[in-house]
Each structure stands twice: as structure tokens, then as C-alpha cells.
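This report concerns only the one structure given below.
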Amino acid sequence: VQLQASGGGLVQAGGSLRLSCAASGRAFSGYAMGWFRQAPGKEREFVAAIRWTYGNTAYADSVKGRFTINTDSAKNTVYLQMNSLKPEDTAVYYCAARFGLPIINRYEYNYWGQGTQVTVSS
């Protein structure tokens, strides 16, 4: 399984970015795809997750109403649309995969992509 994250960058507060995670290496039906982030000096934290095919989602309270996770099955890609970005959203964002429900525990995710840096200036 390979996960390739992209789409990070520098944006002003209030702006938007869309992250992409291209998945390959197996069929992902029944898998959950998650986005996590890690700021300098902090633990990696859950952001959002979605279960492929079924579409059920989960979000961290800190991003509810601002971020949206969705999938494009034709492209085997998961997106994280981030709106109304805040300086505290600055972090390296990682995508991850696990078989089963979209849960928040990062230790339950088996596959990880490389990170993509998101920097939000004030």
C-alpha cells in the first residue's frame, strides 16, 4: 500500500487549501482513510477520516465546519478541503489508512503516507 499526500503550502489566515492523498497497491473497499497533523513539539493528532465506499466520516472538533473530507473512487484519492484556515492549523499533514471504521486513534492506522506541510500566516 502506498499513500502519496500533496497539496500543502503557505496561505494567509482565512484562506483555503485542498490536500490530496493518492492511494495505490490494493483495493480499498471497506478501508477508512484518515488525515492527521503534527505541529512542531506536539503529538500527531486526528483531523478527519472517511470510510471508503460507505462514506461515513469523523472530524476533530477543532476543524468541524471548516474542513471537509471526501473521496474520488475513480482516482483512488482522498481529499481534505480546508477552509477558514487559522494559524493554529499550521502543521505537517499526513494521510493514513486502516481496514474498518474511520476512528480517531492514530495507532489503529496501518499505512501512512509522507507528510505535506501546511503553513497559515496571521
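The shown structure was predicted, so the numbers you read here are calculated from the model rather than taken from an experiment. Note that these values count all heavy atoms, side chains included, but never hydrogens, waters or copies made by symmetry.
Within a 6.0 Å sphere centred on CD of Gln114, other residues, nucleotides and ligands contribute more than 12 heavy atoms. Atom CD1 of Ile104 has 12 or fewer neighbouring heavy atoms from other residues, nucleotides or ligands inside a 6.0 Å radius.
By the 6.0 Å and 45° rule, Arg44 stacks over the aromatic ring of Trp112. Within the cation-pi definition used here (under 6.0 Å to the ring centroid, within 45° of the axis), Arg106 does not qualify as a partner of Phe36.
The closest side-chain heavy-atom distance from Ser6 to Arg18 is not below 4.5 Å. Looking at Asp72 and Tyr79, their side chains come closer than 4.5 Å, going by heavy atoms from C-beta outward. Ile69 is listed as a side-chain neighbour of Tyr59, based on a closest heavy-atom distance under 4.5 Å.
The minimum heavy-atom distance between Ala91 and Arg37, with the atom names listed, is CB-CB, 3.8 Å. In terms of heavy atoms, Thr116 sits closest to Gly8 at OG1-N, 3.0 Å. Closest non-hydrogen pair, Ser122 versus Pro87, comes out as CB-CG, 3.8 Å.
With respect to the salt-bridge test (charged N to carboxylate O, under 4.0 angstrom), the residues Lys86 and Asp89 do not qualify.
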For Phe28 and Trp52, what are the C-alpha separation, side-chain angles and deciding distance, and is it a ring-ring contact (aromatic ring centres under 6.0 Å, His included)? CA-CA 7 Å; Phe28 288 94; Trp52 225 299; 5.7 Å; yes
